[in-house]
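Data block below; observations after.
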Amino acid sequence: MAASKKIASFRLPPLPTVGEIIKLYNLRAERQLSQNFLLDLRLADKIVRQAGNLCGAHVCEVGPGPGGLTRSVLNAGAAGLLAVEKDARFIPGLQLLAEAAPGKMRIVQGDILTYRMERGFPKCIARKWEDAPPDLHVIGNLPFSVSTPLIIRWLEEVSNRTGPFAFGRTRLTLTFQKEVAERLTAGTGGKQRSRLSVMAQYLCNVRDCFTIPGRAFIPKPKVDVGVVHFTPLVQPHIQQPFRLVEKVVRSAFQFRRKYCRRGLEMLFPETRRLELTEQMLRVADVDPTLRPTQLSVSKFGALADAYSELCARNPGLFRYDFREELRRKRRGQGSDSYGRDEMDDEEECC
Ligand SMILES: C[S@@+](CC[C@H](N)C(=O)[O-])C[C@H]1O[C@@H](n2cnc3c(N)ncnc32)[C@H](O)[C@@H]1O
């Protein structure tokens with residue numbers, strides 16, 4: 001009890017402000033690296049509060065940059081902070097923070113896309129998947145170009161219980177372009193409902209915490225920023241391998257504004273397309289005239305189960321890729337109108 005109180009009351013000693021650190025080390029934001037810094041420490045505290053109680057917790061901060069969020073994590077009483085930063089220019093400023101919080105902070109200069117987080121924390125903090133989440137949090141304000149591929153990778157790792165999820169149901173608190181945050185949290189029938197909504201929500205409890213206006217960052221990005229919190233579910237809503245679920249969901253959203261049947265057809269080779277699509281929809285009890293945005297996660301679960309059953313009965317079906325078939329057709333017959341129609345209609349839905 002006394003120990004946790006001591007941790008809770010930790011405050012960083014007086015330090016140069018984030019703005020002063022930026023000046024001191026000449027840390028001009030690199031536009032091509034989409035660097036936008038948060039200087040307002042009250043906002044940084046607000047983001048960090050979304051993670052929950054960090055007293056005595058371990059935290060991996062991705063992309064600490066000049067250290068605004070880093071200060072908030074340390075002041076929230078984290079026992080151990082691992083900061084993974086790609087840009088070497090930020091390391092001296094981060095070292096200043098590490099010295100001000102002795103024994104609490106480690107800095108890794110590296111790329112979060114390749115960093116092996118399993119190795120970053122002591123094994124003793126791991127919890128069983130069914131238990132409460134471990135005292136490990138991932139927090140970050142990353143460039144949008146990194147946060148979207150990263151969340152897709154982390155969702156796959158949730159399903160495989162690897163990476164940060166080798167320790168249990170590790171919680172994530174991350175920033176995204178506002179529109180992506182809305183997609184991640186959009187419910188069935190919602191305007192922003194997309195592939196990303198289904199993939200995130202079948203594996204995690206996803207919470208859209210709040211929006212930060214772009215003007216809060218320096219330099220100001222063109223869009224506002226959404227803070228999203230993820231807690232992996234004990235039992236995913238869909239009990240099929242991640243790659244299979246992704247294939248079904250991706251196909252359904254291929255033609256976002258059309259009946260879901262239209263996209264799902266692309267799971268099957270042309271010769272058996274209508275027959276197998278009809279079978280899948282019947283077994284899954286899904287109305288073929290619903291739009292993909294109108295399908296709930298449980299309907300996607302029924303579709304994934306039905307598709308898995310069909311794959312078990314039709315060897316080689318899972319490997320079928322309609323794009324390959326299109327390419328073959330094009331090579332054989334030149335560019336045919338069927339192929340062009342298919343590709344023109346595709347939409348970016350992630
Ligand atoms: C949008 S800035 C935010 C900086 C700081 N967290 C803040 O809120 O002020 C993104 C930071 O992530 C770093 N970064 C970008 N890509 C990264 C990657 N792949 N791995 C680790 N850090 C990365 C950038 O160098 C930069 O410091």
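The analysis underlying the following values was restricted to heavy atoms, covering all of them including side chains, and did not include hydrogens, waters or symmetry mates. Treat the numbers as computed from the prediction; the structure is a model and nothing was measured. All ligand and atom numbering here is 1-based and tracks the order in the structure.
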Requested in this report: Tell me whether the guanidinium CZ or amine NZ of R195 lies under 6.0 angstrom from the six-membered ring centre of F253 and within 45° of its axis.
Outcome: no
Report task. First locate atom OG1 of T173, then atom CG of N141, and finally report the distance between them rounded to the nearest 0.5 Å. Result -> 12.0 Å
Requested in this report: Could you please provide the protein residues found below 4.0 Å of ligand 1 on a heavy-atom basis, arranged by chain and number?
Outcome: S34, Q35, N36, F37, L38, E61, G63, P64, G65, V84, E85, K86, D87, F90, G110, D111, I112, N141, L142, P143, V146
**Report entry** R106 charged N/C atom sitting above F121 aromatic ring, 6.0 Å / 45°
**Finding:** yes
Query raised in the report: Is the charged tip of K46 near the ring of F210: under 6.0 Å from the six-membered ring centre and within 45° of its axis?
Result: yes
Query raised in the report: Are the charged groups of E179 and R183 less than 4.0 angstrom apart, N to O?
Result: yes
Query raised in the report: Under the side chain to side chain donor-acceptor pair (under 3.5 Å) rule, what pairs show up with a residue in residues 112-126, not counting sequence neighbours?
Result: none
